[in-house]
Enquirer: 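Sharing a structure with you now.
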Amino acid sequence: MQYVGFVALSALFVFFTTALGAAFIYIFKRAESGKMGAFFLGTASGIMLASSIWSLLLPSIEQAQVNWGKLSFIPAVLGVLLGGSVLLLLEQFAVYRAKKENNSLFFSVTLHNIPEGLAVGFALGMAHVIGTMEAYVAAFGLAVGVGLQNIPEGFAVALPIYLQTSNKKRAFSYGVCSGLPEPFCVILGTILSAKLRLFQPWLLAFAAGAMIFVVVKELIPESQERYKNHGSVGALVGFVVMMALDVALG
């Protein structure tokens, strides 16, 4: 029951933080759009990079040591490459759809919410296998980190919609919809990780590779488009905040 509660809480948390970020559009002033958007996107990229390292790659390598010994980096390397490759293929569809809908950022953020949700689910599945409260707290810490970066992402999706349409209600709905895949992927990732224990190092690395690909391909370039300093500062802030959370929560 405790396990189910952690999964449900994590799934709801990562969704509602996206909605919270999108809700900021209601207190937004148009003149602040460029700098705020750059900072928020930078913050999201920094949080995702730190999560990929401390919450996914390092646990992946640590788990692989049981069967791989000194070669424990192999599942991490191959998993990262596989995760990035799958996102590259999926992005081709997203780019095609974006050209038709004229909203590339919405499709990009919605797409990369899939590996984020899976990453949280994989961590929860790993915690279930370990079975200690510390493991559950650490897994929920990843959900908190993902949720924190969902706030700027939700706003980043809503912002261009509002600038295009001047309709805050529509912008908010787009921001909320971008987070819909994430709670379902949390549940899917939990099931896969708990059932496929032998593949947990691979699954964690796969999620990390997908997240890193999105950061490098989408979030960082978007944050550097006009206000580079704001995007760079946001990335540093996001990275150190998530790093501190990951280390503090074990």
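Excluded from the calculations below are hydrogen atoms, water molecules and symmetry mates; all remaining heavy atoms, backbone and side chain alike, are included.
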Enquirer: Between C185 and L118, which heavy-atom pair has the shortest distance, and what is it?
Expert: O-CD2, 3.6 Å
Enquirer: So, for A158 and F172, which heavy atoms are closest and what is the spacing to 0.1 Å?
Expert: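 Scanning both residues completely, I find the closest heavy atoms to be CB-N, 4.4 Å.
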Enquirer: Pair up each side-chain donor or acceptor in residues 187-194 with any protein partner under 3.5 Å, not counting sequence neighbours, and list the distances.
Expert:
| residue | atom | partner | partner atom | Å |
| --- | --- | --- | --- | --- |
| T190 | OG1 | G121 | O | 3.4 |
| T190 | OG1 | V186 | O | 2.7 |
| S193 | OG | F122 | O | 3.0 |
| S193 | OG | Q200 | NE2 | 3.1 |

Enquirer: Nearest 0.5 Å, please: how far is OG in S72 from CD in Q63?
Expert: 11.5 Å
Enquirer: Taking all non-hydrogen atoms of both residues, which atom of L57 and which atom of A76 are closest, and how far apart?
Expert: CD2-CB, 4.4 Å
Enquirer: About how many Å separate OG1 of T43 and CE of M48, when rounded to the nearest 0.5 Å?
Expert: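 With rounding to 0.5 Å, CE (M48) is 13.0 Å from OG1 (T43).
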Enquirer: For T18 versus E182, what's the shortest heavy-atom pair and its separation?
Expert: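 Heavy atoms of T18 and E182 come nearest at OG1-OE1, 4.0 Å.
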Enquirer: Sequence neighbours left out, what passes side chain to side chain contact (heavy atoms under 4.5 Å, CB included) with K169? Give chain and number order.
Expert: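 Partners of K169 by the side chain to side chain contact (heavy atoms under 4.5 Å, CB included) criterion, ordered by chain and then number, come out as Y26, N167.
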Enquirer: Looking at every non-hydrogen atom in both residues, tell me the closest pair between A123 and L204 and how far apart they are.
Expert: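 Result for this residue pair: N-CD2, 4.3 Å.
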Enquirer: Can you tell me which residue pairs pass the ring-ring contact (aromatic ring centres under 6.0 Å, His included) test with a partner in residues 44-67, sequence neighbours excluded?
Expert: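 Every ring-ring contact (aromatic ring centres under 6.0 Å, His included) pair that includes a residue of residues 44-67, provided the two are not neighbours, is W54-F239.
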Enquirer: Would you confirm whether N150, through its side chain, and V14, through its main-chain N or O, come within 3.5 Å as a donor-acceptor pair?
Expert: yes
Enquirer: Who are the side chain to side chain contact (heavy atoms under 4.5 Å, CB included) partners of S51, not counting sequence neighbours?
Expert: I47, L142, M211, M242
Enquirer: Under the side chain to side chain contact (heavy atoms under 4.5 Å, CB included) criterion, do L20 and F16 qualify, and how do the steps go?
Expert: CA-CA 6 Å; L20 174 62; F16 282 116; over 6 Å; no
Enquirer: Using the test side chain to side chain contact (heavy atoms under 4.5 Å, CB included), find all partners of P75 that sit at least two apart in sequence or belong to another chain.
Expert: A64, W68, P201, W202
Enquirer: Determine the minimum heavy-atom distance between F15 and L180, stating which atoms define it.
Expert: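 Of all heavy-atom pairs spanning F15 and L180, the closest is CE1-CD2, 3.5 Å.
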Enquirer: My understanding is that only residues two or more places apart in sequence, or in another chain, count here; which of them pass side chain to side chain contact (heavy atoms under 4.5 Å, CB included) with F184?
Expert: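 Partners of F184 by the side chain to side chain contact (heavy atoms under 4.5 Å, CB included) criterion come out as none, since no residue qualifies.
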Enquirer: Under the criterion side chain to side chain contact (heavy atoms under 4.5 Å, CB included), I'd like the reasoning laid out for F213 against V80: C-alpha separation, chi angles, the key distance, then a yes or no.
Expert: CA-CA 9 Å; F213 175 84; V80 166; over 6 Å; no
Enquirer: For S232, check side-chain hydrogen bond (donor to acceptor under 3.5 Å, both in side chains) against everything at least two apart and list the hits.
Expert: Q224
